[in-house]
Undergrad: 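Provided herewith is a single structure, encoded as structure tokens, for subsequent inquiry.
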Amino acid sequence: MGISAELLGWYDRHARVLPWRIPPGQGPADPYRVWLSEVMLQQTTVAAVKSYFERFTSLWPRVEDLAGAEDARVMAEWAGLGYYARARNLMACARAVAARGGFPRNRAGLAELPGIGPYTSAAISAIAFDHPETVVDGNVERVVSRLFAIETPLPASKPQIHALATDLTPNERPGDHAQAMMDLGATICTPRNPACGICPVSDPCQARRLGIAADLPRKAPKPEKPLRRGTVWIGLTDSGVLVETRPAKGLLGGTLAFPSTGWDGSDLAPPAEADWQELGLVRHVFTHFALDLTVMTARLTTVPERGRVVPLRDFSPLALPGLMRKAWSLARPETARPRSGVAMASRSRTPQG
DNA sequence: AATACGTGGCG
DNA sequence: TCGCCAAGTAT
């Protein structure tokens with residue numbers, strides 16, 4: 001079918017310039033950089049990833065360098081990107097790859113590594129090794145849903161989408177084809193207001209013909225997000241601040257944080273006896289719940305029962321996940337500046353209870 | 001097969 | 001203001 005030729009021609013002319021990408025026809029790409037970028041891009045926008053990718057590859061140019069890095073250092077550099085299991089799997093994967101002397105050069109071998117699932121294994125295989133694997137991400141699901149006017153809502157339509165995407169995958173330049181599909185979804189076949197007028201494959205697109213492109217893909221309704229509440233304690237000494245490393249599993253697992261309660265209403269005592277004062281409220285929206293976090297602060301006069309005091313000189317709020325940065329900005333707004341190049345959103349508000 | 005898992009930008 | 005969405009994976 002003509003889709004592949006049209007798509008690749010468009011990609012040759014319009015491929016986005018990205019830090020991890022080799023321009024079309026100039027491959028092959030470095031599997032380390034492909035892997036790192038693909039993991040960072042899981043459920044994360046290109047704009048958010050760029051500066052993190054530059055930073056990681058500057059600090060750790062090869063997978064062996066990353067494999068030799070300390071956990072806390074990697075977690076600090078990942079802070080703010082979200083989905084912190086990715087960072088933990090990143091380290092485990094880097095060490096496994098370094099130990100075996102390089103990345104597996106096929107999809108099945110890649111898929112055995114931590115943090116590499118169906119999408120990422122196919123993407124690395126296609127982009128770094130030019131294997132004709134079918135790469136299906138959210139962009140491709142949308143593009144295919146529209147090309148074939150699939151009315152079945154996601155996620156039920158996933159098997160059908162994957163089968164059709166497989167039919168579209170060419171044996172020539174499969175890596176460029178995969179990137180072209182994703183670029184098309186990101187720049188033209190967008191979720192809202194798709195630019196069908198300049199789309200290279202509008203001619204064979206069934207949704208376009210039917211006038212329902214913007215309505216696809218249909219999606220199953222999402223469950224409501226409950227509102228949860230919690231408390232965080234920011235304990236200060238003359239020159240230090242009380243922090244702890246969160247347990248490796250669960251929400252914000254393995255990140256640096258201020259001691260807090262759970263988010264399920266579970267009562268937990270403050271980490272130290274002190275004259276705790278309420279600073280305000282931080283609202284944060286996670287994937288599956290919203291959180292109203294009460295921020296407490298105190299001058300520490302007793303030895304804390306939890307956590308450790310780190311010198312303020314060695315403390316950067318940039319090493320904290322976003323939620324904890326918001327809390328910190330209430331305690332020490334003058335030191336809570338955004339990471340350059342990464343919009344750290346607005347200043348924290350204090351929503352009314 | 002559902003559910004857990006972050007964050008920021010956009011309309 | 002608010003819901004949607006972003007190059008998904010693990011369990």
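Order of the sequence lines fixes the chain letters, A, B, ..., with proteins taken first and strands second; residue numbering starts at 1 for each chain.
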Undergrad: Using heavy-atom distances to pick each residue's nearest nucleotide on DNA chain B, tell me which of A:Arg228 and A:Tyr84 is more 5'.
TA: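 The residue closer to the strand's 5' end, by nearest nucleotide, is A:Arg228.
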Undergrad: Categorize A:Val135 for me: base, sugar-phosphate, or nothing, with a 4.0 angstrom heavy-atom threshold over every strand shown.
TA: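 No contact at all - A:Val135 keeps every heavy atom at 4.0 Å or more from the nucleic acid.
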Undergrad: Could you measure between the two C1' atoms, the one in B:dA2 and the one in C:dA7, and give it in whole Å?
TA: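 B:dA2 and C:dA7 have their C1' atoms separated by 23 Å.
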Undergrad: Please evaluate the base of B:dG6 for a donor-acceptor partner in the side chain of A:Thr44 within a cut-off of under 3.5 Å?
TA: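 Such a pair exists between side chain and base.
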Undergrad: Are A:Ser121 and A:Arg107 close enough that a side-chain donor and a side-chain acceptor fall under 3.5 Å?
TA: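 Present: a donor and an acceptor within the cut-off.
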Undergrad: Could you check A:Pro114 against A:Ile127 and say which one's nearest nucleotide on DNA chain C is further toward the 5' end?
TA: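 Its nearest nucleotide lies further toward 5', so the answer is A:Ile127.
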Undergrad: Looking only at the side chain of A:Arg16 (C-beta and beyond, no hydrogens), which of the listed nucleotides C:dA7, B:dA4, C:dA10 gets closest?
TA: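 Comparing C:dA7, B:dA4, C:dA10 against the side chain of A:Arg16, the answer is C:dA7.
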Undergrad: Using atom NZ of A:Lys326 as one end and atom P of B:dG6 as the other, report the distance to the nearest whole Å.
TA: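 Roughly 14 Å, once rounded to whole Å.
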Undergrad: Over how many whole Å does the gap from A:Leu323 atom CG to B:dG6 atom P extend?
TA: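 Atom-to-atom, A:Leu323 to B:dG6, this comes out as 11 Å.
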Undergrad: Regarding B:dG6, can its base be found pairing with the side chain of A:Thr287 as donor and acceptor, where the two atoms are less than 3.5 Å apart?
TA: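 Looking at the base of B:dG6, it does pair with a donor or acceptor on the side chain of A:Thr287 (distance under 3.5 Å).
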Undergrad: Could you tell me whether the phosphate oxygens of B:dC5, OP1 or OP2, come under 4.0 Å of any side-chain nitrogen or oxygen in A:Lys249?
TA: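 No, no such contact exists.
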Undergrad: Salt-bridge test for A:Asp203 and A:Arg208: reply yes if a basic N is under 4.0 Å from a carboxylate O, no otherwise.
TA: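 Between A:Arg208 and A:Asp203 there is no salt bridge, as every charged N stays at least 4.0 Å from the carboxylate O atoms.
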Undergrad: With a 4.0 Å cutoff (strictly under), does any side-chain N or O of A:Gln42 reach OP1 or OP2 of C:dG8?
TA: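 No, A:Gln42 has no side-chain N/O under 4.0 Å of OP1/OP2 on C:dG8.
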Undergrad: For A:Leu18, report the nucleic acid contact type (base, sugar-phosphate, nothing); a contact means any heavy atom under 4.0 Å.
TA: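 Result for A:Leu18 = base.
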Undergrad: Ignoring the backbone of A:Tyr83, work out which of C:dA7, B:dC5, C:dA6 is nearest its side chain.
TA: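 Closest of the options to the side chain of A:Tyr83: B:dC5.
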Undergrad: Please report, rounded to the nearest Å, how far the C1' atom of B:dG9 is from the CG atom of A:Leu41.
TA: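 That distance rounds to 16 Å.
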Undergrad: Looking for any heavy atom pair under 4.0 Å, which part of the strands does A:Lys225 touch: base, sugar-phosphate only, or nothing?
TA: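 Touches nothing.
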Undergrad: Can you figure out which of B:dG6, C:dA7, C:dG8 approaches the side chain of A:Met182 most closely?
TA: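 Shortest atom-to-atom distance from the side chain points to C:dA7.
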Undergrad: Touch check for A:Pro118, heavy atoms < 4.0 angstrom, all strands: base, sugar-phosphate only, or nothing?
TA: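 Contact class for A:Pro118: sugar-phosphate only.
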Undergrad: For A:Leu81, which contact category applies under a 4.0 Å heavy-atom criterion: base, sugar-phosphate, or nothing?
TA: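 Base, at least one base heavy atom under 4.0 Å.
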Undergrad: Give, for atom CZ of A:Arg229 and atom CH2 of A:Trp263, the distance between the pair rounded to the nearest 0.5 Å.
TA: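 Here the rounded value is 14.0 Å.
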Undergrad: Using atom CZ of A:Arg142 as one end and atom C1' of C:dG8 as the other, report the distance to the nearest whole Å.
TA: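 Between C1' of C:dG8 and CZ of A:Arg142: 15 Å.
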Undergrad: Rounding to a whole Å, what distance do you find between A:Phe53:CZ and C:dA7:C1'?
TA: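 The answer, rounded to whole Å, is 13 Å.
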Undergrad: As a test of understanding, state which of A:Val232, A:Leu293, A:Thr294, A:Thr231 forms a side chain to side chain contact (heavy atoms under 4.5 Å, CB included) with A:Thr261.
TA: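 Exactly one pass, corresponding to A:Thr231.
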Undergrad: Where the side chain of A:Asp137 is concerned, which of B:dC5, C:dT9, C:dA7 is the nearest nucleotide?
TA: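 Given the options B:dC5, C:dT9, C:dA7, the side chain of A:Asp137 is closest to C:dA7.
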Undergrad: Could you check how far CZ of A:Phe286 sits from C1' of C:dC5, rounded to whole Å?
TA: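 Checked: the CZ to C1' distance equals 18 Å.
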Undergrad: I need the CZ-C1' distance between A:Arg88 and C:dA10, as an integer number of Å.
TA: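 Distance check: A:Arg88 CZ to C:dA10 C1' gives 10 Å.
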Undergrad: Which residue lies toward the 5' end of DNA chain C, A:Pro217 or A:Ser121, if each is placed at its nearest nucleotide?
TA: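 With A:Pro217 and A:Ser121 compared, the 5'-side residue is A:Pro217.
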Undergrad: Whole Å only: how far is the CG atom of A:Asp183 from the C1' atom of C:dA7?
TA: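 Going from A:Asp183 (CG) to C:dA7 (C1'), I get 10 Å.
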Undergrad: Between B:dC5, C:dT9, C:dA7, spot the one nearest the side chain of A:Val46, thanks.
TA: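 Comparing B:dC5, C:dT9, C:dA7 against the side chain of A:Val46, the answer is C:dA7.
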Undergrad: Once you apply a heavy-atom cut-off of 4.0 Å, does A:Gly250 come out as touching a base, just sugar-phosphate, or nothing?
TA: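 Sugar-phosphate contact only - A:Gly250 comes under 4.0 Å of backbone atoms but never of a base.
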Undergrad: Respond yes when some side-chain nitrogen or oxygen of A:His288 is under 4.0 Å from OP1 or OP2 of B:dT3, and no when none is.
TA: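 Result: no.
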Undergrad: To the closest 0.5 Å, what do you measure between CZ (A:Phe56) and OG (A:Ser51)?
TA: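 A:Phe56 atom CZ to A:Ser51 atom OG measures 10.5 Å (nearest 0.5 Å).
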Undergrad: Measuring from the side chain of A:Lys219 (C-beta onward, heavy atoms only), which nucleotide among B:dT7, C:dA6, C:dT9 has the closest atom?
TA: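 Among B:dT7, C:dA6, C:dT9, the one nearest the side chain of A:Lys219 is C:dA6.
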Undergrad: By the definition side chain to side chain contact (heavy atoms under 4.5 Å, CB included), identify the one residue from A:Leu242, A:Val243, A:Leu268, A:Ile234 that meets it with A:Pro259.
TA: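 The option that passes is A:Leu242.
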Undergrad: Does A:Val144 reach the side chain of A:Met181, with side-chain heavy atoms less than 4.5 Å apart?
TA: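 Yes, their side chains come closer than 4.5 Å.
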Undergrad: Would you say C:dT9 has OP1 or OP2 under 4.0 Å from some side-chain N or O of A:Thr120?
TA: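 A:Thr120 to C:dT9 OP1/OP2: side-chain N or O found under 4.0 Å.
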Undergrad: Determine the contact category for A:Trp35: base if any of its heavy atoms lies under 4.0 Å from a base atom, sugar-phosphate if only primed atoms, P, OP1 or OP2 are that close, otherwise nothing.
TA: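 Contact class for A:Trp35: none.
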Undergrad: Could you check which of C:dA7, C:dG8, C:dC5 has an atom nearest any side-chain atom of A:Asn139?
TA: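 Ranking C:dA7, C:dG8, C:dC5 by closest atom to the A:Asn139 side chain puts C:dA7 first.
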Undergrad: B:dT7, OP1 or OP2 - any side-chain N/O from A:His284 closer than 4.0 Å?
TA: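 Result: yes.
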